[in-house]
Amino acid sequence: MASATVQSEHLRGLNAEQRAAVLHTEGPLLILAGAGTGKTKTIVHRIAHLISGCGVDPAKIVAVTFTNRAADEMRERVRSYIGDQARRITLSTFHSLGVRILREHGTRLGLPKRFAVYSTPDQLAALKTAAGEISIDDNAFDLKRVLARISDWKTRRVSPEQARQQVMTTRATGTRADAYEVLAADVYPRYDETLRASGAVDFDDLLLLPVQLLETDEEARRALWKRWHYVLIDEYQDTNAVQLELARHLAGSRRNLCVVGDDDQSIYAFRGADVGNILEFERHFPGARVIRLEQNYRSTKRILGAANAVIAGNTARHSKRLRTDNGIGAPIDYIEHEDDVTEADAVAQEIMLRRMAHRLKWGQFAVLYRTNTQARVLEEAFRQRNVPYRVIGGQSFFERKEVADALAYLRAAVNPEDEIALRRIINYPARGIGRTTVLKIADIARETGRSFASVLRDPPKDIGAAAVRAISEFLQMIDEARGQLEEAEAQASRGRPGEGPTPIAQWASAYFDRIGLEDAVRSDPRNAKSAIARVDNLRDLTGSIIRYERRVWDARFDITREDDEPWNPPTLAGALALLALNDFEEEDDKREDEASVALMTLHSAKGLEFSDVFIVGLEEGILPHNRSLEDAGAVDALAEERRLLYVGITRARHRLTLSRCRTRRRAGGREERLPSRYLAEIPQDLLNVKSAAAQLEPEQSAALRQNFFAQMKAMLGDAGE
DNA sequence: CCAGGGGTCCTTTTT
DNA sequence: GGACCCCTGG
C-alpha cells in the first residue's frame, strides 16, 4: 500500500511545488513528458496519491488510454501500488468508453440497445452497398481510399452536410476537384444510413456519437458529471478533434483534467490525431499548469544523443532536450545487408549470440519495423534459428476472413436486419444463392424502400425455385439459432458459470458446427497451407466468448464493487462489441512475454521499452515510407516519419542496432534500395558502422551455437536456463 | 445461374 | 503471400 506521500525517484528533477502539482493539482494540468521520463509512472503516482493521499473515491477516477494494452499495463501498475481498490477505477480506451456511453444513453440517439460495432471489412461492405445505391461503379474507385476520406471527416467532426458544402466550395473556387472528394461526399450520408439500417456504428462513431449525445442531452451530461470527478488521459498528443471534445465533456466544469503526452511522439496524424491539441492545451483549457519532464531514466547517453539529433530535424515542437545521467553505453551498431533475407537472419543470429554473451532473456529484445509485411521475413528467420518470438499487432484478428465470416453469423443471430452480415454469409459456405440472386434482392430492396432482410423473407417471383428454397432454409437456420441464443443468454444471466464452456460460447460453437464453418475452412483449397491456423482462429473466437462471460461474472462478484454500480448480464452483443475493439483478456501472459523476442511495428512500440532494440529496413521508401513522400503535404508527413524513428530509438535502454538492405525482394522481383535520409542525421561518432557478416550455412551456425553454448556453460559454471 | 480455377494486382501506420 | 476479378465448365 502506498503512503500518503508517494516517493518518486523519477520526479526528483522537479522542485517541491512542481511535484505537488503533478500529484494533486485541481484544474487542468499538462504533463509534457519526453520519452523515457517515466510518463506512465507519473500517472500511476498521481492516481495512487489521489486515492491514498487525498482520499478520493477510486470510482470517481477515469483514466483513458488509446490501446487496451496500455490500459492493461496501467491497471496492473496501479494495482501494485494500491491493491484491490484499483479495480474500481475506470481504466479504459477512448473507444471502449464510447461503447459504454452509447450502451447507457445511445437509445436517445436512436441506436438499438444491441448495436453492432463495424470494423474495416464490414465498413467496406457497407460502403460498397451505399455506393451501389447511388449507382457508383465501385470498380472504378478504391473504396478503401473513400472510406479513409469519410473517416477523416468523422474524426474532424465534419458532418455529411458540411462535407458536401466543403467539396462544393472547393469546386466553386476552381481548384482541382478531386473525384474522390466528390464521391466520398456523395456516399458519406448513404454510408451512415446503411450503418444505421443495420443497427451498427463504426469505430469513428464510437467517439463521434457520444460527443453528439453529450452536446444535446442534458441527462447524459449529468450522468457523466456524477460519474467521474478526476480525468487522466495518456498519450494526449494522439487525440483528434472528437477526442478533444470528449475530454472537455469528461472534465466538465470541475476541469480536473490531467493529460500526459509528448508532441515528439505524435505518430497518428494519418488517423486524424492533431498535435495541436497538446501544443495548444493551455489555450483550450485556460489556467492550465504545465509541467515538463525532461530527465530520461531509460536510455544510455549514446542512444539519447541519437534520438535528440534525429528529432532536432523537426520544427514546430515544444522545445525540449532530454538529458540523462545514465552511462555512455555501447555504440549504436549500423549494418548494411545485402537483402531482407540476410538482414532478418543476421538479426536472429545476433540476438542468439547477445542473449548468451550478456545473459539476457528473449523478452528483453525487440525488433521494430515500419510495415507489418516486414514481419514475415523475420518470422521465417526466427523459426529457422529456433529463436522464440511473438508478433505484436499485425492484421487484426477480426480482419481475417474466417473470423469475419464467423462474426457475421453471430451478428446475424443478434440482429436479423443486419444487411452487411447477411450478405457476407448468405452464400458462405456455398448454398446455391449466387451473386445474381443477391443483387436482384438488393435492387428490389432499393426500389421499394424495404430492407434487404425483409425482401429476403419474401423473395420475388422471378428467382429460381432452388434459390428460393436455399434462402428459406438459410433464414430458418438463423432464426432457429436466434431462438437458441435467447435461451443461452437467459442461462448465462442466471448465475456464474462453472468449469468448462460457458452458455453463450457453447451456443456459438454448436451454431458454427451446424453451419459447418470449420469444414468450409478446411475444404477451401485456398486455405491449403493455413487451414489449421484458421480453424484455430475460429476456436479462439469461442474461447474469447468464454473469457468474456467469465469476466462479466467476475465483475459482478468483485468484493470492491458498490451495490449501486450498474451491472448487466453477459450477452452476445456485449461480447461482439469487446471483440471488435480487441478488448478481451489476452491469452499470452507475462511468462510468455519474457520468453520470446517481440516483433512489432514502430507504431505498436510506442509506450514500451526494451533492453536491446533492433530497427530494421532503414531505407528510403520504407522509412520514410513511399506513401508519405507522395502526398502534397509531404513536409508534415516527413516530420511524422521522423518522429516514428524517434519513437523507435527511444524504446532502447542499453543497446540499439540499426540496419538496412541494399536490395529487397518486392512483388516477385528485386529492388535497389537507398539508405534512409534520417540516418545521415545521427552524429557519426555515435555509430559503429559494421559490414554485414558473411552468411553462415545452417550447419555452420548450428555448430557455432553448440560451441558457444558449451563455452558459456564452462565459463559460468552452471548457466542452465 | 452457380461454383471453382487460374490469372492479376498490389502491399503504411491503428482503434 | 494474399485478396480479388474474370472466365470457363457444369
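All values below were derived from every heavy atom in this structure, side-chain atoms included, with hydrogens, water molecules and symmetry-related copies excluded. Below, chain A is the first sequence line, B the second, and so on; all start at residue 1.
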Checklist entry - Using a cut-off of 4.0 Å on non-hydrogen atoms, how would the nucleic acid contact of A:Gly432 be classed: base, sugar-phosphate, or nothing? => result sugar-phosphate
Checklist entry - Of the nucleotides B:dA3, B:dC1, B:dT14, which one has an atom closest to the side chain of A:Ala430? => result B:dA3
Next on the checklist: With a 4.0 Å cutoff (strictly under), does any side-chain N or O of A:Ser119 reach OP1 or OP2 of B:dT15?
Outcome noted: no
Next on the checklist: Given C:dC5, B:dT15, B:dA3, identify the nucleotide with an atom nearest to the side chain of A:Phe203.
Outcome noted: B:dT15
Checklist entry - Roughly how many Å is it from NZ in A:Lys144 to C1' in B:dC10, rounded to a whole number? => result 9 Å
Next on the checklist: Once you apply a heavy-atom cut-off of 4.0 Å, does A:Phe94 come out as touching a base, just sugar-phosphate, or nothing?
Outcome noted: nothing
Checklist entry - Any ion pair linking A:Asp238 and A:Arg271 (charged N to carboxylate O, less than 4.0 Å)? => result no
Checklist entry - Taking the side chain of A:Thr371 as its heavy atoms from C-beta onward, which of B:dC2, C:dC5, B:dT13 lies nearest to it? => result B:dT13
Checklist entry - 5'-most contact on DNA chain B: A:Thr437 or A:Asp204, nearest heavy atom basis? => result A:Thr437
Checklist entry - Does any N or O donor sit under 3.5 Å from an N or O acceptor when you compare the side chain of A:His95 with the base of B:dT15? => result yes
Checklist entry - Taking CZ from A:Arg435 and P from C:dC7, how many angstroms apart are they, rounded to a whole number? => result 11 Å
Checklist entry - Looking at A:Asp339 and A:Arg665, does any basic side-chain N land under 4.0 Å from a carboxylate oxygen? => result no
Checklist outcome for this item: Closest of B:dT13, B:dT15, B:dC2 to the A:Thr93 side chain is B:dT15
Item to check | Rounded interatomic separation in angstrom, taking CG from A:Leu368 and C1' from B:dT12 | outcome: 16 Å
Item to check | Sugar-phosphate only, base, or nothing, as touched by A:Lys440 at under 4.0 Å among non-hydrogen atoms | outcome: sugar-phosphate
Checklist entry - Just to confirm, is there a sub-4.0 Å distance from OP1 or OP2 of B:dT12 to any side-chain nitrogen or oxygen of A:Arg271? => result no
Checklist outcome for this item: To the nearest angstrom, the CZ-P distance between A:Arg100 and B:dT15 comes to 20 Å
Checklist entry - In terms of side-chain geometry, is the basic nitrogen of A:Arg376 or A:Glu380 positioned less than 4.0 Å from the acidic oxygen of its partner? => result no
Next on the checklist: I want to verify a distance call: between B:dT15, B:dT12, C:dA3, whose nearest atom is closest to the A:Arg534 side chain?
Outcome noted: C:dA3
Checklist entry - C:dC4 C1' sits how many Å from A:Leu124 CG, rounded? => result 13 Å
Item to check | Residue A:Tyr268, side-chain atoms from C-beta onward, closest of B:dC2, B:dT11, B:dT14 | outcome: B:dT14
Checklist outcome for this item: In whole angstroms, the gap separating C1' of B:dT14 from CG of A:Leu147 amounts to 13 Å
Next on the checklist: Under 4.0 Å, counting only non-hydrogen atoms across every strand here, what does A:Ser96 touch: a base, just sugar-phosphate, or nothing?
Outcome noted: nothing
Checklist entry - Does A:Glu619 pair with A:Arg664 as a salt bridge, N-O distance under 4.0 Å? => result yes
Checklist entry - Is any side-chain N of the basic residue among A:Arg69 and A:Asp72 closer than 4.0 Å to the acidic one's carboxylate O? => result no
Item to check | Short side-chain N/O contact to B:dT14 OP1/OP2 from A:Ser604, under 4.0 Å | outcome: yes
Checklist entry - Out of B:dC2, B:dT15, B:dT13, which has the shortest distance to the side chain of A:Asn372? => result B:dT13
Checklist entry - Can you check whether A:Ser266's main-chain N or O pairs, donor with acceptor, with A:Arg643's side chain at less than 3.5 Å? => result yes
Item to check | Separation of atom CG in A:Leu207 from atom P in B:dT14, rounded to whole Å | outcome: 17 Å
Checklist entry - Roughly how many Å is it from CE in A:Met600 to P in B:dT12, rounded to a whole number? => result 21 Å
Next on the checklist: Can you see if the side chain of A:Asn427 gets near the phosphate of B:dA3 - specifically, an N or O under 4.0 Å from OP1 or OP2?
Outcome noted: yes
Next on the checklist: Mind checking if A:Arg431 touches a base, just sugar-phosphate, or nothing, with heavy atoms under 4.0 Å?
Outcome noted: sugar-phosphate
